[in-house]
Structures are given as structure tokens and as C-alpha cells.
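The next block holds one structure in the form of C-alpha cells; read it before the comments.
A quick note: this is a predicted structure, and the numbers were derived from the prediction, not measured.
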2 protein chains.
Amino acid sequence: MELRTLRYFVAVAEELHFGRAATRLHMSQPPLSRAIKQLEAEAGALLFARSPAGVTLTPVGAVLLDEARALLDHADRVRARVFAAAGVATLTVGILGDSTDPGATRLADAYRRSHPDIDIRIRDTDLTDPTCGLRAGLVDIALTRAPFDETALTLRELRTDPVGVVLRADDPLARRGRLRRADLGDRRWFQFPRGTDPIWQSYWNGGEPREGPVVRVVQECLQAVLWNGTVGLAPLGHDLPAELAAVPLIDMAPSRVVAVWNKGDTNPLIRSFIEIATAAYRH
Amino acid sequence: MELRTLRYFVAVAEELHFGRAATRLHMSQPPLSRAIKQLEAEAGALLFARSPAGVTLTPVGAVLLDEARALLDHADRVRARVFAAAGVATLTVGILGDSTDPGATRLADAYRRSHPDIDIRIRDTDLTDPTCGLRAGLVDIALTRAPFDETALTLRELRTDPVGVVLRADDPLARRGRLRRADLGDRRWFQFPRGTDPIWQSYWNGGEPREGPVVRVVQECLQAVLWNGTVGLAPLGHDLPAELAAVPLIDMAPSRVVAVWNKGDTNPLIRSFIEIATAAYRH
DNA sequence: CTGCAACGATACCCACCGGGTATCGGCATC
DNA sequence: GATGCCGATACCCGGTGGGTATCGTTGCAG
């Protein structure tokens with residue numbers, strides 16, 4: 001009986017649905033079913049009654065649910081006390097320049113509420129490094145947008161946004177309700193500086209190599225659209241100045257807002273930050 | 001932070017010695033060192049001060065020791081309550097015919113004290129199956145003697161006994177203080193019935209194929225020595241009738257008293273039984 | 001001062017297990 | 001009786017938790 005298994009059990013007991021519990025636990029359903037089965041073997045009794053009508057707790061399962069919640073709470077308190085004793089105090093979060101979305105606000109509030117003693121340091125970065133200095137060790141965790149080179153990193157998807165093209169409001173295409181990449185013809189696309197992650201560069205160029213002005217921050221992108229007739233891709237849902245318009249692109253993979261950290265990073269604050277971030281972005 | 005890791009930590013904190021803690025945990029020292037190191041990384045602080053003079057707890061380690069003990073106690077209570085709710089009630093223990101040693105008595109007492117609600121059923125077996133019917137599912141756990149075929153079984157060594165040869169008291173060799181197998185010349189050795197585990201058979205024949213009368217229980221072995229001049233090996237320390245004498249054999253691997261259970265057996269009572277057995281045999 | 005013993009750390013290997021995907025089977029609904 | 005839902009099963013793979021062998025440091029004995 002390990003704490004991880006009990007967390008799985010509580011998730012299933014609360015959802016009363018293996019598939020949903022697996023989603024909540026960020027895993028797939030089969031290993032979750034197996035883990036519960038093993039726990040049942042260890043307990044010597046079935047914990048859930050599986051019927052076509054749905055999953056329900058058995059009496060033994062109900063006992064374990066109470067006990068497991070109490071034990072997991074206890075474990076959380078242990079962790080908090082050890083961190084306090086260890087003086088763990090700082091978490092540096094990297095944020096991509098344009099990431100001022102409501103999820104991030106909820107996240108900041110929720111984190112401050114649950115970890116009042118932890119000092120969060122924010123490092124705001126431009127668009128040229130999608131990992132916000134993660135590889136260089138400048139931040140512990142980054143709130144950013146995929147895709148980019150993921151080697152030696154671990155990602156947790158928080159949300160997806162449809163992607164659209166940003167045009168001058170007086171552009172003929174701006175009246176169209178939706179566009180395909182091919183509709184944009186041979187317009188110029190803005191570029192990131194040399195050395196930028198190629199996967200990231202390619203994504204914002206609609207998946208192909210392009211030419212155009214070099215940009216570093218969101219403001220420069222908007223200026224490039226206004227002044228150069230450059231095509232700019234952007235996740236939809238942001239406010240734009242009146243001179244610009246955004247039209248959904250229906251043949252672009254949606255943009256994934258993710259939390260990223262260095263694979264194997266042992267910073268003890270990362271895990272709980274991720275949990276809170278996931279919850280905050282789930283609304 | 002998992003319960004297993006905390007058990008490791010508590011063991012080291014109590015022994016203040018990695019090697020001894022590893023022995024107590026029935027593992028080797030390197031993986032224990034590594035587990036503690038990982039726990040320290042997770043906690044964000046060193047838990048032990050390693051100095052040539054010895055290992056001591058750091059202040060953070062002292063905090064965790066208190067917390068970990070409380071959490072592990074809590075986990076034990078959870079387990080007990082779930083077992084009670086599940087109505088887990090019976091453990092069948094196989095005992096080799098001759099295993100009436102003081103360790104088994106202490107074990108029985110200790111187990112009854114800590115698990116008063118569990119019904120222990122004893123199955124006494126003859127010498128022909130060293131696993132006491134474990135493979136056939138007749139028992140959950142066997143207290144027996146190695147060596148035997150261990151495939152698909154898990155062993156926990158409880159004690160070792162030197163092995164000696166049992167002779168008629170009037171045998172010339174009986175006056176010798178110690179013997180080697182070669183000293184026994186071409187005497188006959190008793191055999192177990194056809195189908196007996198070959199490793200087991202070979203061990204009690206001094207490591208070689210032999211011939212002699214077939215025996216099934218201890219009493220038959222003794223009779224075979226008295227009446228046939230057969231050589232009989234036996235762990236030392238047991239009482240013998242006055243007509244028989246035991247002489248240590250210095251070139252025999254000692255006999256290992258072990259607890260055995262089927263690998264992967266999910267019976268929830270096995271683990272705690274093993275822990276209690278280990279403690280009982282340690283005096 | 002020079003073996004030597006003690007002991008934790010390191011290097012490296014292997015089996016197992018906790019993840020994954022693909023698919024099945026049973027049941028309900030239409 | 002086709003279809004869709006959902007938990008179970010089968011099977012695969014990489015990481016991790018075990019193992020052994022050995023090292024480096026330190027204290028001690030001769």
C-alpha cells in the first residue's frame with residue numbers, strides 16, 4: 001500500500017468512473033484499472049462494484065476512502081512541515097511574454113493561497129525562447145506554448161487554443177470567417193532570430209520555411225503585420241487593436257498551453273505547482 | 001514521497017548506520033544510500049550528516065523522523081481497519097514436521113498478540129515436501145528449511161543452523177568432536193520418496209547421490225540410524241534419544257530456516273507475518 | 001608512516017513494474 | 001442486431017528499484 005496507489009483509489013472513488021479518473025490523474029485507463037485491482041488484492045476485498053450501470057463503492061471501499069483521504073492529508077502536512085524545516089522558499093516561473101491569460105491569474109492566486117510561505121519569482125521572456133530559459137536553469141518551470149524541442153523536458157498540457165491569422169482590418173481576407181493556410185498565398189511571415197528552436201519557428205510559420213521580418217516580442221509581431229503586410233499567426237481569444245483582425249485557420253493544429261520543467265528536476269515545489277496549475281486551467 | 005521511502009529513512013535514522021539499516025530492511029547498502037539521497041533531493045535538504053565519526057540526523061532529518069513515524073503508524077492503522085472491514089481472517093501456515101523450535105513459539109505468540117482477530121491454521125507436513133504444500137496452494141506460507149527449488153517462490157531467511165551427522169551412540173565416530181563428509185565412508189544414507197525435490201534430497205545426502213532406506217518423517221530417520229546403521233544429517237541443537245549422538249560436520253553448508261511464500265501472492269497477511277517472523281527469530 | 005579495516009558513495013547491470021497502445025467483451029440503447 | 005460506452009485484457013517498452021563490485025576517505029594499529 002503506497003501513497004500513489006491511494007491517490008489513484010481516491011480519484012476513482014470520487015469520479016466513480018475509471019476513464020474520467022484516469023484523465024484527472026493524467027494517465028490512461030488500463031494501468032489505473034490494474035492498480036486498483038492490485039490494491040483490491042492487497043486489501044483482500046473488492047473496493048468497487050463494477051456494474052453496467054456504473055461504478056459504486058463497496059462497504060470496504062467506503063471505509064478505505066475515508067481512511068485514504070485522511071492519510072493523504074496527513075502526508076501533505078508532513079511534506080509541508082519538512083519543506084518549512086528545510087527552508088525551501090523559492091520557485092522561479094518563466095512566462096512567455098504574451099501569457100497574460102485568466103488561467104495564469106487563477107494559478108497565481110491559488111498557489112499563493114496554498115503555499116503562502118513560498119516566494120514565487122516570475123521571469124518574463126520574449127518569444128525567442130519557448131522554454132523561457134528552462135534549459136539554462138534560469139527558471140524552475142515555464143508556462144509557455146508548445147510545440148518545441150522536448151528532449152530532456154517534461155510537459156503538462158494545460159489548455160489548447162485554436163490558432164488564427166492576424167491581418168490588417170482592411171485586408172480583404174479579414175472579412176472571411178475562416179481560412180486555410182493556402183489562402184494566404186505568398187505573403188511574408190515573420191521570423192524569429194537565428195538560433196530559435198526550429199520546431200517552434202516552423203509552427204508559427206504554418207509548418208513551412210518562410211521569409212520575412214525578424215521579431216522578438218508580441219508588439220513587434222503586431223507592428224510587422226500593420227506595416228509590412230506580414231502574416232502573423234496567433235492563438236485566438238486575445239484582444240487586438242482595432243486596426244487588426246484575427247481569422248481562424250482551420251488547417252492548423254491548435255496551440256497547446258503547457259507547463260514544462262526539466263526532466264528529473266528534483267525541486268520539491270514543482271509537483272505541487274503542476275497540480276495547482278492543472279486545476280487552475282481546468283476552470 | 002512514498003511510504004516505502006519513509007520506512008527506509010526511519011530505519012537509517014534509528015540505526016544511524018547505512019549498512020545496519022540495510023540489513024534490517026533486508027536489502028543491500030547501495031540502493032538504500034540512493035533512496036535516501038533521492039528523498040533528500042525531494043525534501044530540498046540533507047537529512048543526515050555523514051561524517052567519518054558516523055551518521056547523525058540533521059535538524060530537518062529530526063523533523064522528518066517524527067513526522068514519518070507518525071505517518072507510518074497512521075498507515076498501519078489504515079491497513080488494519082481495511083483488513084477488519086474486509087473480514088480478512090485466515091492465514092494457513094505450513095510447518096515442516098520437525099520445526100518445533102523456540103523461534104516458532106515466539107512467532108506464534110507475537111503474531112497472536114498483534115493480530116488477535118486473525119485465525120491461524122497450521123498444517124504440519126512430513127519431510128517429503130520441503131515447501132509444505134505451498135505450490136499446491138495448501139498453505140499461504142511455509143516455515144521450513146532451505147535448500148529446495150525456489151522457482152516462483154520468495155524466501156526470507158530466519159536463521160541458520162550448523163548441520164551434523166546423527167549416529168548410534170556406540171558408533172566409533174560418535175566420539176569425534178567434528179567430522180567431514182568423507183569420514184563417513186560408504187555408509188548408506190537415507191532417501192526421500194520418488195518425486196521429492198532433488199535439491200532438497202541432494203542436500204540431506206551431503207551433496208551427492210546415495211542409496212539407502214526411504215524415510216518420510218523424523219521418527220523414521222532416527223529409526224533408520226538405529227536399525228540400519230544409516231547415516232542421517234540433521235540440524236544441530238535438537239534433543240536426541242540417549243542411543244543416538246550428533247557430531248558437527250564441518251564441510252556442510254549450514255541449514256537455513258526460512259519463511260517461504262508463492263512469489264506474487266497477494267494475500268495481505270503475508271507481509272506482516274514475515275515481519276513478525278523475522279523479529280521473532282532475531283530473538 | 002604505512003597498511004588495514006570500516007563505511008558510505010559510485011559505477012554498472014538486470015529484472016520487474018508502472019506507464020503506454022490496441023483490442024476485447026458485456027451490456028444498454030436505439 | 002448494429003452501435004457506443006466502459007472496464008478488462010493482452011502486450012510492449014523504458015525507468016527504476018533491486019543487485020554486485022569497487023572506490024575514496026578516514027581513523028587506527030603496528
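Among the atoms of the strands shown, only primed sugar atoms or phosphate atoms (P, OP1, OP2) are found under 4.0 Å from some heavy atom of A:Tyr8.
In this structure, CE of B:Met27 is placed 14 Å from P of C:dG8, rounded to the nearest angstrom. Put simply, CG on A:Leu32 is 16 Å from C1' on C:dC17, counting in whole angstrom units. Rounded to a whole Å, the CG atom of B:Leu155 is 15 Å from the P atom of D:dG19. Here D:dA10 presents its P atom at 14 Å from CD of A:Gln29, a figure rounded to the nearest Å. If you measure from atom CZ of A:Arg34 to atom P of D:dC6, you get 22 Å, rounded to the nearest angstrom. The CZ-C1' distance, from B:Phe48 to C:dG8, rounds to 13 Å in whole Å. In this structure, CZ of B:Arg50 is placed 17 Å from C1' of C:dA6, rounded to the nearest angstrom. Computed from coordinates, the A:Gln38 CD to D:dT9 C1' distance equals 14 Å when rounded to whole Å.
Taking side-chain N and O atoms only, A:Ser33 has no distance below 4.0 Å to OP1 or OP2 of D:dG7. Between A:Arg20 and D:dC5 there is no side-chain polar atom (N or O) within less than 4.0 angstrom of OP1 or OP2. Of the side-chain N and O atoms in B:Lys37, one or more sit less than 4.0 angstrom from OP1 or OP2 of C:dT10. Within the 4.0 Å cut-off from OP1 or OP2 of D:dG7, at least one side-chain nitrogen or oxygen of A:His17 is found.
A salt bridge does not link B:Asp161 to B:Arg256: none of the charged side-chain nitrogens sits closer than 4.0 Å to a carboxylate oxygen.
Within 6.0 Å of atom CZ in B:Arg180, 12 or fewer heavy atoms from other residues, nucleotides or ligands are found, so the atom counts as exposed in its surroundings.
Checking each of B:Leu233, B:Asp197, B:Val163 against B:Tyr203 for a side chain to side chain contact (heavy atoms under 4.5 Å, CB included) leaves exactly one that passes, namely B:Val163.
Comparing B:Lys263 and B:Pro30 by the nucleotide of DNA chain C whose heavy atom lies nearest to each, the residue mapping closer to the 5' end is B:Pro30.
Between A:Thr90 and A:Arg121, the side chains place no donor N or O within less than 3.5 Å of an acceptor N or O (distance only, hydrogens not considered).
A centroid separation of less than 6.0 Å is found between the aromatic rings of B:Phe48 and B:Phe9.
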